[in-house]
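Notes to accompany the following structure.
Order of the sequence lines fixes the chain letters, A, B, ..., with proteins taken first and strands second; residue numbering starts at 1 for each chain. Below, each value reflects all heavy atoms present in this structure, side chains not excepted, and no hydrogens, waters or symmetry copies. These figures come from a predicted structure and were not determined experimentally.
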Protein chains: 4
Amino acid sequence: MTGTRPPGGAPARPGLLAHPTTPRSLRVHDAALRAAAELLAEGGLPATTMDAVVARSGVSKATLYKHWPSRTALAAEAFGLRMADAAAPPDTGSARGDLTEHLRQVSALYAGDHGLVFSQLLAACVIDPGAGSYFREFFLQGRRDAVAELWRRALERGEADPDIDGETAIDLLFGPLVFRLMAGHLPLTRQEADRIAAAALGGLLRRPPPS
Amino acid sequence: MTGTRPPGGAPARPGLLAHPTTPRSLRVHDAALRAAAELLAEGGLPATTMDAVVARSGVSKATLYKHWPSRTALAAEAFGLRMADAAAPPDTGSARGDLTEHLRQVSALYAGDHGLVFSQLLAACVIDPGAGSYFREFFLQGRRDAVAELWRRALERGEADPDIDGETAIDLLFGPLVFRLMAGHLPLTRQEADRIAAAALGGLLRRPPPS
Amino acid sequence: MTGTRPPGGAPARPGLLAHPTTPRSLRVHDAALRAAAELLAEGGLPATTMDAVVARSGVSKATLYKHWPSRTALAAEAFGLRMADAAAPPDTGSARGDLTEHLRQVSALYAGDHGLVFSQLLAACVIDPGAGSYFREFFLQGRRDAVAELWRRALERGEADPDIDGETAIDLLFGPLVFRLMAGHLPLTRQEADRIAAAALGGLLRRPPPS
Amino acid sequence: MTGTRPPGGAPARPGLLAHPTTPRSLRVHDAALRAAAELLAEGGLPATTMDAVVARSGVSKATLYKHWPSRTALAAEAFGLRMADAAAPPDTGSARGDLTEHLRQVSALYAGDHGLVFSQLLAACVIDPGAGSYFREFFLQGRRDAVAELWRRALERGEADPDIDGETAIDLLFGPLVFRLMAGHLPLTRQEADRIAAAALGGLLRRPPPS
DNA sequence: CAGTAACCGAGACGGTACGTCAAGTCTTTCT
DNA sequence: AGAAAGACTTGACGTACCGTCTCGGTTACTG
C-alpha cells in the first residue's frame with residue numbers, strides 16, 4: 001500500500017486508504033510528473049535527471065524515490081501520460097485504410113522528437129528493467145489498446161484474418177517501426193511506412209476474392 | 001592511424017595500413033575485444049565497463065579510446081564478432097521452411113543470455129548514438145545479410161513476392177521479435193515465433209495457386 | 001504541558017503538573033525512554049534514530065518532539081536514567097582508597113560498551129548543543145554528585161586539601177579519562193587508571209606528615 | 001601506496017613512487033586542505049561539508065574520497081595543519097611557570113572559536129572512528145609533543161616528579177580542559193585554568209623542600 | 001646504429017548523477 | 001485536545017562510471 005508500487009495491479013490512486021494515513025499526496029505526484037514531462041519535451045531523457053525534476057517540481061528527492069523506483073520509471077509514467085492522446089487511431093471506413101493510416105501516423109511520430117524520447121525511454125527500460133512495467137503500463141498499453149480496437153473493427157468487418165492473434169498483428173505492424181527506430185538501419189519515411197503496411201497487411205487481412 | 005574510425009567506410013583492420021607502422025595495435029585491439037567479449041558473456045553490458053576491460057585486457061584506457069569512441073562502440077564490436085557465426089540460416093528446401101526455421105532460431109537466441117546482451121547493446125546505442133554505427137556494422141549487418149540471402153533464394157524459387165523489398169521483408173519478420181525483446185510485453189517462445197512467421201510470411205510469400 | 005523544557009530548572013517530571021491533565025504523557029514519556037535505552041544498549045547512538053524509537057515505542061514522531069528538542073536530548077535522558085545506579089562510589093575507609101577505586105571503576109566502565117555510548121552521546125551533544133543540558137542534567141550531574149560526596153568525606157577526614165575546589169578535583173580526576181575516551185590516544189586500562197589516580201591525588205590530598 | 005592511507009605510518013608524500021605513476025597531485029591535496037581550513041574558520045565543522053570543499057577547491061568529490069576516507073578526516077588534517085603553530089609553549093624559566101602559562105594559553109584557545117572547532121572535530125572523530133587517526137596524527141600529536149618537551153625540561157630541572165609518566169602528566173593537565181570543553185559543565189576562564197594548573201601541578205611537581 | 005616519433009600502460013582527475021539516509025516539520029485522522 | 005500515522009522537505013552523504021589528461025617508458029622506423 002505504501003512505498004513504490006510496481007504497476008501491474010491497480011494503479012491504486014491514494015486517498016482511498018483504509019486507515020487514517022495521509023494519502024500519498026496528489027500534489028506531489030502530479031508536480032513531479034508535470035516537471036518530468038516538461039523536461040522530456042525540452043531535452044529528452046538525458047535532461048530528465050532526478051535532480052532536474054527536484055529543482056523544477058519542488059518535490060524532494062527522497063519523496064520521488066518513494067513514488068517511483070528510479071528516474072526511468074518516473075520518466076516513463078510522465079511520458080505515457082503526456083502521450084495518451086497522441087496519434088489517435090483514424091476511422092477511414094476500411095480496415096486496410098485504418099491500419100495503413102495509423103501506421104503512417106505512428107511512423108511520423110517516431111520520426112520526430114517524440115520518437116527520440118520514446119526510443120530513449122525504451123532503451124532505458126532495458127537497462128533498468130524495474131522501470132519496464134511503468135513503460136508498459138503507462139505508455140505501451142494505451143497504444144496497443146487503441147490498435148487492438150482497430151483490429152477488432154477489422155474482424156467485425158470481416159477484413160481481418162480471424163486465425164491471426166490480435167497481439168501478433170500489432171507486433172507485426174509496429175515491430176518493424178520500433179526496430180528501425182532503435183537500430184537506425186533504415187529511415188522512417190512515409191514511403192517506408194506504406195511499404196511495411198502493405199507487406200504486413202498482405203498477411204493480416206483476408207485475400208480479396210480473386211474476382 | 002588507428003584513431004577512432006566511425007565505421008561506415010572500410011573496416012580498416014589495423015595493421016594493414018600503408019606503412020606497417022603499428023604492429024602493437026593489433027595485439028591491443030584484439031586483447032580489448034577479447035576482454036570485452038568475455039565480460040559481456042559473464043555479466044552483460046553493465047559488467048563491461050571500461051575499467052573492467054582495462055583490468056582484464058591490460059590495455060590502457062587512453063588506448064581504448066583511441067580505438068573506439070565509447071565503451072558502447074567497443075562492446076558492440078566485440079559482441080558482433082562473437083556472434084558472427086551464431087544462428088546460421090538453415091536450408092530446408094523451401095523459403096517458407098527456411099524463414100520460419102530461422103525466425104525460430106533467432107527467437108530462441110533472443111530469449112536467452114545473448115538476447116539480453118543484444119537488447120542492452122541496442123539500448124546503449126540509442127543512448128549513445130555514436131556507437132550505433134558499430135552495432136550496425138559489426139552485428140546487424142551480418143545478420144541481415146544472411147537473411148537477405150534467404151530472401152534472394154526465395155525470390156529465385158519464385159516463392160517470394162517480388163514486389164516486396166528485401167529490407168522490408170527482413171524488418172517485417174524480425175521487427176516483432178526485437179520489439180518484444182526490448183519492451184517485454186510478450187514472451188519469445190517457439191509458439192509465438194511460429195505465429196509471427198506465419199502471419200508475416202502470409203504477406204511476404206506468394207499465395208499458392210488456389211487450386 | 002509537557003512541551004520541550006530545556007532542563008536547568010526543575011526536572012518537572014511529567015504527570016506531576018498542577019492540573020492532572022496529561023495522564024497519557026507519562027506512558028508516552030516512559031515508553032520512549034525505554035525504547036531509546038534499549039536501542040542504545042543494542043547498537044549505540046547510531047542505532048538510536050528517531051524512527052527506530054518510533055517503531056519500537058509506538059510513540060509518534062511528533063509526540064517525541066513535544067517531549068524532547070532533539071533525538072540527542074532523548075538519548076541523553078534515556079542513557080542517564082539507565083546509568084543512574086552504575087558504578088556506585090565505594091567506601092574503602094580512606095579517601096585515597098575511595099577515589100582510586102572509583103576512578104578504576106569509571107575507567108573500566110568507559111572502556112566497555114557503556115563507554116562507547118557515553119562518548120557518542122557526549123560527541124552528539126557537542127554537535128547539537130541544545131542537547132547538552134539533558135546530558136548534564138540526567139547523566140553528568142548524578143555522577144559528579146556522587147564524587148562530590150566522596151570529596152566531602154575526604155575533607156571531613158582531613159585527607160583532602162581544603163584549598164582545592166571540589167569541582168576542580170573532580171575534573172582533575174576524570175578529565176583525563178574522558179580525554180582518552182574521546183581522543184583514543186591512550187588506553188583505559190586499570191594500570192593507567194592507577195597512574196592517573198596516583199598523580200592526581202598527589203595534588204589533591206594532603207601530604208602525609210613527612211615523619 | 002594508492003588509495004586512502006590511514007595515517008599511522010609515514011605520511012608518504014607522493015612523488016617518490018617506485019613506478020612511473022603520476023604522483024597523487026599535491027595541487028589537489030593542498031587545494032582541498034586549504035578550502036577545508038577556510039571553511040572551518042568561517043563556519044566550523046558543520047559548514048565544512050564535502051560539497052562545500054568541492055565547490056571551493058575545484059577538486060572533485062571522487063578525488064577527495066581517494067585522498068581521505070571521510071569529510072571528518074579531511075577536516076581533521078586541515079585543522080591540524082592550520083593549528084600547527086598556535087599556542088607555542090612558553091619559556092618562563094620554571095616548569096611551574098611554563099606549564100601554568102601554557103595551560104592558560106590552551107584554555108583561552110579552547111574558549112574561543114578554535115576551541116569550538118576543536119570540540120566539533122573531536123566529537124566527529126568519535127562518531128566516525130576512521131577519522132580519529134587523522135585527528136591524532138595531524139592535530140593532537142603536535143600539541144602533545146610540545147607539552148612533552150616542557151615536561152622534559154621540567155625533569156631536567158629537577159622540578160618534575162620523575163616517577164610520573166609524561167603522558168599521564170599531559171592528560172592530567174589538559175584532560176580537565178577537554179572535559180569542560182566537551183561537556184560544558186564549567187567555564188574555561190583564566191581563573192579556572194589557574195585552579196586546574198595549581199591542583200595538577202601539586203601532584204606532578206616535586207614538593208618544594210619544607211624549609 | 002643512433003635518433004625520433006608515435007604508441008602504450010598506469011592511473012589520477014573532473015564531472016555528473018545516482019540512490020540513500022536521518023532529522024525534524026507538518027497535516028490528517030482517530031480516540 | 002492529544003496522539004498516532006506517516007508524508008514531506010532538507011541537506012549531505014558516499015559511490016559509480018565516464019571520458020580526458022599527463023607522465024614516463026618502449027618500440028620500431030628513419031637517417
When the distance from [atom1] of [X] to [atom2] of [N] is rounded to whole Å, what number comes out?
X	N	atom1	atom2	answer
C:K66	F:dA5	NZ	C1'	13 Å
A:L26	F:dC8	CG	C1'	14 Å
A:Y65	F:dC8	OH	P	16 Å
A:L45	E:dC18	CG	C1'	14 Å
A:I127	F:dC17	CD1	P	14 Å
B:R27	E:dC8	CZ	P	9 Å
B:D51	E:dA12	CG	C1'	12 Å
D:L64	E:dA12	CG	C1'	13 Å

Problem set entry | B:E38 CD to B:T48 OG1 distance, which is reported to the nearest 0.5 Å |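 Going from CD on B:E38 over to OG1 on B:T48, the span is 10.5 Å.
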For this session: Report the distance from atom OG of C:S57 to atom CG of C:D30, rounding to the nearest 0.5 Å.
Result: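 Reported value, rounded in 0.5 Å steps: 11.0 Å.
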Problem set entry | D:R56, CZ: over 12 other non-hydrogen atoms inside 6.0 angstrom |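 Yes, CZ of D:R56 has more than 12 neighbouring heavy atoms, counting only those of other groups under 6.0 Å.
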For this session: Could you walk me through whether A:Y134 and A:F79 pass the ring pair (Phe, Tyr, Trp, His ring centres under 6.0 Å) test, one step at a time?
Result: CA-CA 10 Å; A:Y134 285 78; A:F79 185 68; over 10 Å; no
When you measure from the side chain of [X], which nucleotide among [options] comes out closest?
X	options	answer
B:R71	E:dG9, E:dG19, F:dG19	F:dG19
C:T49	E:dC13, E:dC8, E:dA22	E:dA22
C:A62	F:dG14, F:dT10, F:dA5	F:dA5
B:H67	E:dC8, F:dT9, F:dC13	E:dC8
A:K61	E:dG19, E:dG24, E:dC13	E:dG19
A:V28	F:dG14, F:dT9, E:dG14	F:dT9

Exercise. When you match C:M50 and B:V59 each to their closest nucleotide on DNA chain E, which lands nearer the 5' end?
Worked result: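 Closer to the 5' end of DNA chain E: B:V59.
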For this session: Tell me whether the OP1 or OP2 atom of F:dT9 has a side-chain N or O from A:T63 closer than 4.0 Å.
Result: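 Checking A:T63 against F:dT9: at least one side-chain N or O falls below 4.0 Å of OP1 or OP2.
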For this session: Determine, for B:D51 against B:K61, whether the closest basic-nitrogen to carboxylate-oxygen distance falls under 4.0 angstrom.
Result: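 A salt bridge links B:D51 with B:K61.
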Exercise. If each of B:T72 and D:D128 is mapped to the nucleotide of DNA chain F with the nearest heavy atom, which maps nearer the 5' terminus, i.e. the 5' end?
Worked result: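 Whichever sits nearer the 5' end wins; that is D:D128.
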